[in-house]
Student: 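Below is a structure I'd like to ask you about.
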Amino acid sequence: MRAVATALALILLFAGQSRAEDYAIFSPQAGSALSSLGASPSAAATITAADAALARTPGPLAVVHTEGTLPGQGIRDESLVARRDLPAMLDLALAWRITGERRYLDAADRFLRAWAGTYIVSLNPIDETNFDAMILAYDLTEPNLPAGTRAAVDGFLRNLASGYLDDMDGAPKHFYTNWQSHRIKVAALASFQLGDARLIERTFEDYQKHVATNVLADGTVFDFYERDAIHYVLYNVDPMMMAGLAAKAHGLDWFDWKNASGTGVSSVIDWLTPYVEGTRTHQEFVHSRIAFDAQRLAAGQTEYAGPWMPERAVNTLALASLLDDRHSAAFERLLATTERRPPSWMTLYNETRQANSRSGLTN
């Protein structure tokens, strides 16, 4: 019944429309609430990061490529350096909405224009998954940007959304793994940001197909059995929750959509929780079927072996708690055990939810 209700809500929301509200995650109410968070430690930390970003010169590349590479191989190292621009522009956009200071907006504009005008969409979802930060930066600044920047970024986002959705109409590389989760995330954020109802509908169709084949009856995902690693459970479910958060911001419930086995993305969080709380443990990558996992370990990337550490789920539980309050207690307990924290935008988004709730509004 929940699946039927979700599909019906999508039909009703976009019936007769070619456009939806054009924001990815930060609704007008959420964006406005950021200006009330100036005294928040998270806001202060974000402004500090944005101040550092003011001194950066955009360094976009036409191509970034890190997928399947080890340190020193190909353009991996240059790509990692260039990709630092993406969270920097998000910090600038957040600082603009928190403070209203034009210097942050102008800097975000420079980064957005530089990347939209230089980068060539590759449709490699592992290389492009980090562009979620660019989409959120645009989400927070779009109404205040010059027309030329808006046109450039809109064109860039349409290439991302249409490209990935057209790919998913067939059977693209690794369509049964986390690669598809990252395709769905990028397509969802771009489609909601564009406000294109048909692209959003197509994304939800792909979301359902992926949950139907990737999320198993026991609440795990295919990648867990292929890689023997909770690392890849998180890398699979986090992008799906980002897509779900964009949907939730528009009144849609993708997170609880269930497949024929009665499981969905929310089921994966339920499966994960005992490992986060330490009642179950797992040795990572012991029986991985993918040779690259052993190659990374041999290259000194020690996170690809040994016991899985619960602190690695901080971002995952942060997203889950934004989607369903029943995960908030587990998230708070996890935070009490580690210094690791989720990205500032997640914390600030949660604070806008709380601020709007006090005012009788929703995000």
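All values below come from the heavy atoms of this structure, side chains included, with hydrogens, waters and symmetry mates left out.
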Student: Could you walk me through whether Y104 and D51 pass the side chain to side chain donor-acceptor pair (under 3.5 Å) check?
Tutor: CA-CA 8 Å; Y104 297 121; D51 287 341; 2.5 Å; yes

Student: Are the side chain of E284 and the backbone N or O of I230 linked by a donor-acceptor pair below 3.5 Å?
Tutor: yes

Student: In terms of ring plane angle, is the pair Y235 and H182 parallel, tilted or perpendicular, where the classes change at 30° and 60°?
Tutor: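 Geometry flag for H182 against Y235: tilted rings.
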
Student: Between the side chains of D256 and S266, is a donor N or O closer than 3.5 angstrom to an acceptor N or O?
Tutor: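 D256 vs S266: donor-acceptor pair found between side chains.
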
Student: Does the plane of the ring in Y232 sit parallel, tilted or perpendicular to the ring in F285? Use 30° and 60° as the thresholds.
Tutor: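 Rings of Y232 and F285: perpendicular, over 60°.
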
Student: Is the shortest side-chain N to carboxylate O distance from R150 to D22 below 4.0 Å?
Tutor: no

Student: P310: what forms a side chain to side chain contact (heavy atoms under 4.5 Å, CB included) with it, not counting sequence neighbours?
Tutor: W308, L334

Student: Hey, what else clusters with V63 if you join Ile, Leu, Val, Met, Phe, Trp, Tyr whenever side-chain heavy atoms sit under 4.5 Å?
Tutor: I75

Student: Applying salt bridge (charged side-chain N to carboxylate O under 4.0 Å, His left out), can you list everything that pairs with D238, at least two apart in sequence or on another chain?
Tutor: none

Student: Checking T279 side chain against Y275 main chain: does a donor-acceptor pair fall under 3.5 Å?
Tutor: no

Student: Would you say the side-chain atoms of H210 pair up with the backbone N or O of V215, donor to acceptor, closer than 3.5 Å?
Tutor: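 No, H210 side chain to V215 backbone: no donor-acceptor pair under 3.5 Å.
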
Student: Answer yes or no: is there a donor N or O on one side and an acceptor on the other, between the side chain of K185 and the main chain of T129, under 3.5 Å?
Tutor: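 Flag set: sc K185 to bb T129 pair under 3.5 Å.
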
Student: Do T263 side-chain atoms and N259 backbone N/O form a donor-acceptor pair below 3.5 Å?
Tutor: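 No, because the side chain of T263 does not come within donor-acceptor range (under 3.5 Å) of the backbone of N259.
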
Student: May I have all residue pairs that pass salt bridge (charged side-chain N to carboxylate O under 4.0 Å, His left out) and include part of residues 325-334, sequence neighbours excluded?
Tutor: D270-R326, E277-R333, D324-R326, D325-R353

Student: So, S181 side chain and N236 main chain: donor-acceptor pair closer than 3.5 Å or not?
Tutor: yes

Student: How long is the straight-line distance from CG of L317 back to CG of L323, given to the nearest 0.5 Å?
Tutor: 11.5 Å

Student: Quick one: side chain to side chain contact (heavy atoms under 4.5 Å, CB included) partners of D154, sequence neighbours excluded?
Tutor: Y138, E142, L194

Student: A30: what forms a side chain to side chain contact (heavy atoms under 4.5 Å, CB included) with it, not counting sequence neighbours?
Tutor: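 If we apply the side chain to side chain contact (heavy atoms under 4.5 Å, CB included) test to A30, skipping adjacent residues, the hits are F26, S27, Y349, T352, N363.
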
Student: With sequence neighbours left out, write down each residue that passes salt bridge (charged side-chain N to carboxylate O under 4.0 Å, His left out) with E78, or none if nothing qualifies.
Tutor: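 Per chain and number, E78 pairs via salt bridge (charged side-chain N to carboxylate O under 4.0 Å, His left out) with no residue.
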
Student: Check this for me, if you would: do E311 and R340 make a salt bridge, where the nitrogen-to-carboxylate-oxygen distance has to be below 4.0 angstrom?
Tutor: yes

Student: Which pairs pass side chain to side chain donor-acceptor pair (under 3.5 Å) with one or both residues in residues 170-179, sequence neighbours excluded?
Tutor: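 The answer is N178-D223.
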
Student: Indicate, with yes or no, if the rings of W257 and Y207 have centres closer together than 6.0 Å.
Tutor: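 No, the ring centres sit 6.0 Å or more apart.
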
Student: Please name all residues satisfying salt bridge (charged side-chain N to carboxylate O under 4.0 Å, His left out) with R102, sequence neighbours left out, ordered by chain then number.
Tutor: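 Salt bridge (charged side-chain N to carboxylate O under 4.0 Å, His left out) check on R102 returns D106.
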
Student: Could you tell me which residues satisfy salt bridge (charged side-chain N to carboxylate O under 4.0 Å, His left out) with D109, sequence neighbours excluded, listed by chain and number?
Tutor: R113

Student: Would a distance-only check, ignoring hydrogens and angles, find a side-chain to backbone donor-acceptor pair under 3.5 Å from S79 to H65?
Tutor: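 Between the backbone of H65 and the side chain of S79 there is a qualifying donor-acceptor contact (under 3.5 Å).
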
Student: Is it the case that the side chains of R76 and Q73 hold a donor-acceptor pair, with the cut-off being a distance below 3.5 Å and no angle test?
Tutor: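 No, no side-chain donor-acceptor contact under 3.5 Å.
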
Student: Kindly say whether G264 contributes a backbone atom to a donor-acceptor pair with the side chain of S267 at under 3.5 angstrom?
Tutor: yes

Student: Using side chain to side chain contact (heavy atoms under 4.5 Å, CB included) as the criterion, list what pairs up with S122, not counting sequence neighbours.
Tutor: Y119, N124, E128

Student: Is any NZ, NE, NH1 or NH2 atom of the basic residue among D206 and R183 found under 4.0 Å from an Asp or Glu carboxylate oxygen of the other?
Tutor: no

Student: Kindly say whether R158 contributes a backbone atom to a donor-acceptor pair with the side chain of S162 at under 3.5 angstrom?
Tutor: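 Pair found, side chain donor or acceptor close to backbone of R158.
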
Student: Under 3.5 Å, is there a donor-acceptor pair between the W271 and D218 side chains?
Tutor: no

Student: Strictly distance-based, threshold 3.5 Å: is any side-chain N or O of S36 a donor or acceptor partner for the main-chain N or O of A33?
Tutor: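 Confirmed, S36 side chain pairs with A33 backbone.
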
Student: Quick one: do D228 and S288 satisfy side chain to side chain donor-acceptor pair (under 3.5 Å)? Show the steps, please.
Tutor: CA-CA 5 Å; D228 190 24; S288 175; over 6 Å; no

Student: Listing request: all salt bridge (charged side-chain N to carboxylate O under 4.0 Å, His left out) pairs with a residue in residues 290-301, at least two apart in sequence or in separate chains.
Tutor: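 Passing the test, one end in residues 290-301: R227-D293, D293-R296.
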
